[in-house]
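Reminder, nothing fancy here: chain letters follow the sequence lines and each chain counts from 1. Keep in mind that what you see is a predicted model, and the values were worked out from it rather than measured.
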2 protein chains.
Amino acid sequence: MATGRTHRPATRSRGIPEATVARLPLYLRALTALSERSVPTVSSEELATAAGVNSAKLRKDFSYLGSYGTRGVGYDVEYLVYQISRELGLTQDWPVVIVGIGNLGAALANYGGFASRGFRVAALIDADAAQAGKMVAGLPIRHTDELESIIADNLVSIGVIATPAGAAQEVCDRLVAAGVTSILNFAPTVLSVPDGVDVRKVDLSIELQILAFHEQRKAGEELGEAVATARKAVKRPGSDGDVPAVMPV
Amino acid sequence: MATGRTHRPATRSRGIPEATVARLPLYLRALTALSERSVPTVSSEELATAAGVNSAKLRKDFSYLGSYGTRGVGYDVEYLVYQISRELGLTQDWPVVIVGIGNLGAALANYGGFASRGFRVAALIDADAAQAGKMVAGLPIRHTDELESIIADNLVSIGVIATPAGAAQEVCDRLVAAGVTSILNFAPTVLSVPDGVDVRKVDLSIELQILAFHEQRKAGEELGEAVATARKAVKRPGSDGDVPAVMPV
DNA sequence: CCATCTTTGTGCACGCGTTCACAAAGACAT
DNA sequence: ATGTCTTTGTGAACGCGTGCACAAAGATGG
């Protein structure tokens, strides 16, 4: 995970392990690529390589969905694409709202991977009244005041939070109160939500810090601190509680 | 994670479990907030709540770093901030390059959480010659041709890939050849790298698909498919192999 | 129809991560 | 100094995830 996932007691949803669910999109992407090249069938070995996982793991993952393979041949690409899509709920239309249209929010709004997977950006919401009405990615920015009605009118159940850290919890509370039950959080804060609401977290800063940890270790072990001391050591300038004007990722 | 992490055989780096390393930045953030409020000490219970984890887990995590707590009192906030920062390598200066300055790349360049953690954006690199020289976040966009020299001149060991999926592997190869040993990948592709290079992956599309899976499950169980059928089902429009003009996240 | 060969599906064992529960340690008051 | 009270640090048990290794299944050729 690079991505941080949030406190889920590793619930086994409908018999499908959480770890498997997290890999299904990976398989789906690899299968879609094969489908475009009109490849009819694929073995677990080939597909596993394409998805960057172990072939035994892949076969076990698929076994949770049912027996869709043919021994001696492999898996039917088209059929598997359909089954995984259905399992993930991608055959439905999922309206999504993005709250916080700063640099990141705008980038997300322009993201091409949305529509192709059944996700549809229903509305863009920002607290800055001066931004209201401005067009981003073909949609007008709406003011936060309209949040509740937008959620209700569009039957939105998935919300994306791309606000500064300080505003995230309040936005989260309002989204949940309005009926949103799944939240993707880009703000660097721990969100508290009632039971029944899923939160997933994406935190660039954390990912970089994890990389730095291993990087430091590599430099220390392999080069005898040579590189480490070459980089000029700096004392920590400050913190990042509420990031100012700039959009936190 | 939400964040997708990439094939790391759960190596235990220097005795500190990978899962613990992934939580250290979380603790650090909570501690930094306490430090700003001039809170001198904190108990494992309080800190665990603030970081959204179990208190026993937090204590065990800290025990891998050494015994920094005082029984009956708790942990010294400032001291712990320093220890974790040092453990994560944040007392060093980490120059970072961002390759692919589309919507997302620009958002990352403007991200405020970089500098505050010892990460410094050394350069922005894009393949589009027409973009070269344009200023983003106070830095000029440099052309891909300069990639190797930029890496070498700045002793860069961490690279961020925010290019379209089709370009990611080539960029990755060049970064690695130039000396980069840690990569944060935002492109929706599986990157293959030699041993000794760390890759972490952030994939918005995957996070949303995981949310959709649970959302579908909730709707199916609790509302008896009512909502599910209310949303108009759509057939999948297409795939996302190489996303066209728009920046993939 | 039978033999052979490929590939799936899974039983099993192992290791990591999480959590409980408690003993040890130290602060603090008397 | 002694007792009480709070909180840490960790031993131990449990559960999930992973990967090996193999038997069963089916395709394919003779």
Side-chain angles (χ1 to χ4, degrees), chain A residues 1 4-24 26-27 31 34 39-77 79-80 83-84 210, chain B residues 1 4-24 26-27 31 34 39-77 79-80 83-84 210:
Chain A
M1 196 138 46
R5 96 184 28 166
T6 322
H7 44 83
R8 160 177 301 280
T11 317
R12 181 163 295 201
S13 314
R14 179 173 153 202
I16 301 182
E18 194 57 27
T20 295
V21 173
R23 279 188 295 268
L24 290 182
L26 226 55
Y27 302 144
L31 285 164
L34 292 173
V39 178
T41 61
V42 65
S43 72
S44 64
E45 199 70 49
E46 293 169 308
L47 187 54
T49 303
V53 302
N54 182 292
S55 69
K57 195 189 295 186
L58 180 143
R59 287 197 298 276
K60 185 154 289 188
D61 283 341
F62 284 176
S63 76
Y64 292 115
L65 309 183
S67 288
Y68 296 146
T70 305
R71 300 180 189 223
V73 177
Y75 298 91
D76 182 278
V77 172
Y79 188 57
L80 208 43
Q83 288 299 339
I84 295 179
I210 296 172
Chain B
M1 297 197 359
R5 98 182 28 165
T6 323
H7 44 82
R8 161 177 301 280
T11 317
R12 180 163 296 202
S13 313
R14 182 179 151 196
I16 301 182
E18 194 57 29
T20 296
V21 173
R23 279 187 296 267
L24 290 181
L26 226 56
Y27 302 145
L31 285 164
L34 291 172
V39 177
T41 60
V42 65
S43 72
S44 64
E45 199 70 49
E46 293 169 307
L47 187 54
T49 303
V53 303
N54 181 293
S55 69
K57 194 189 295 186
L58 180 144
R59 288 197 298 277
K60 183 150 288 189
D61 283 343
F62 285 175
S63 77
Y64 292 115
L65 309 183
S67 289
Y68 296 145
T70 306
R71 297 175 190 228
V73 177
Y75 298 90
D76 182 278
V77 172
Y79 189 57
L80 208 44
Q83 288 299 340
I84 295 179
I210 296 172

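The nearest whole Å value for the distance from the CZ atom in A:Phe62 to the P atom in C:dG9 is 10 Å. Summarising the geometry, the separation between CD on A:Glu45 and P on C:dT6 is reported as 14 Å, rounded to the nearest angstrom. Rounded to a whole Å, the CD atom of A:Glu46 is 14 Å from the C1' atom of C:dT8. At whole-Å resolution of the value, CG in A:Leu65 and P in C:dT8 are 15 Å apart. Atom CD in B:Glu18 sits roughly 15 Å away from atom C1' in C:dG15 (whole-Å rounding). Here the P atom of nucleotide D:dT10 and the CG atom of B:Asp61 are 13 Å apart, to the nearest Å. Atom-to-atom, CG of B:Leu47 to P of D:dT7 comes out at 14 Å; the value is rounded to the nearest Å. Between the CG atom of A:Leu58 and the C1' atom of C:dT10 there is a distance of 14 Å, given to the nearest Å.
One finds no side-chain N or O of B:Tyr68 lying less than 4.0 angstrom from the OP1 or OP2 phosphate oxygen of D:dT7. A sub-4.0 Å separation between OP1 or OP2 of D:dG17 and a side-chain N or O of A:Asn54 is absent. The side chain of A:Lys57 places an N or O atom within less than 4.0 Å of a non-bridging phosphate oxygen (OP1 or OP2) of D:dG19. Remark: B:Tyr75 is in phosphate contact with D:dG9, judged by side-chain N or O atoms under 4.0 Å from OP1 or OP2. Listed pair A:Ser44 / C:dT8 meets the phosphate criterion, a side-chain N or O lying under 4.0 Å from OP1 or OP2. Residue B:Arg23 has a polar side-chain atom (N or O) positioned under 4.0 Å from OP1 or OP2 of C:dT18.
Comparing C:dG9, C:dG17, D:dC20 against the side chain of A:Ser63 picks out C:dG9 as the nearest.
Below the 3.5 angstrom threshold, one finds a donor paired with an acceptor across the side chain of B:Arg71 and the base of D:dT8. Side-chain atoms of A:Lys60 come within donor-acceptor range of the base of D:dG19, with a qualifying N/O pair under 3.5 Å.
Among the atoms of the strands shown, none is found under 4.0 Å from any heavy atom of A:Thr20.
Position along DNA chain D of the nearest nucleotide to A:Thr70 versus B:Gly69 favours B:Gly69 as the more 5'-ward residue.
Residues A:Glu18 and B:Ile210 form a side-chain contact, since some pair of their non-hydrogen atoms from C-beta on lies under 4.5 Å apart. Under the 4.5 Å side-chain criterion, counting only non-hydrogen atoms from C-beta, A:Leu65 is in contact with A:Leu24. With a 4.5 Å cut-off on side-chain heavy atoms, A:Ser55 and A:Arg59 count as touching.
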| Check against side chain to side chain contact (heavy atoms under 4.5 Å, CB included), A:Phe62 and A:Leu47 | CA-CA 12 Å; A:Phe62 284 176; A:Leu47 187 54; 3.8 Å; yes
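Of all heavy-atom pairs spanning B:Tyr64 and B:Gly15, the tightest one is CD2-O, 3.8 Å.
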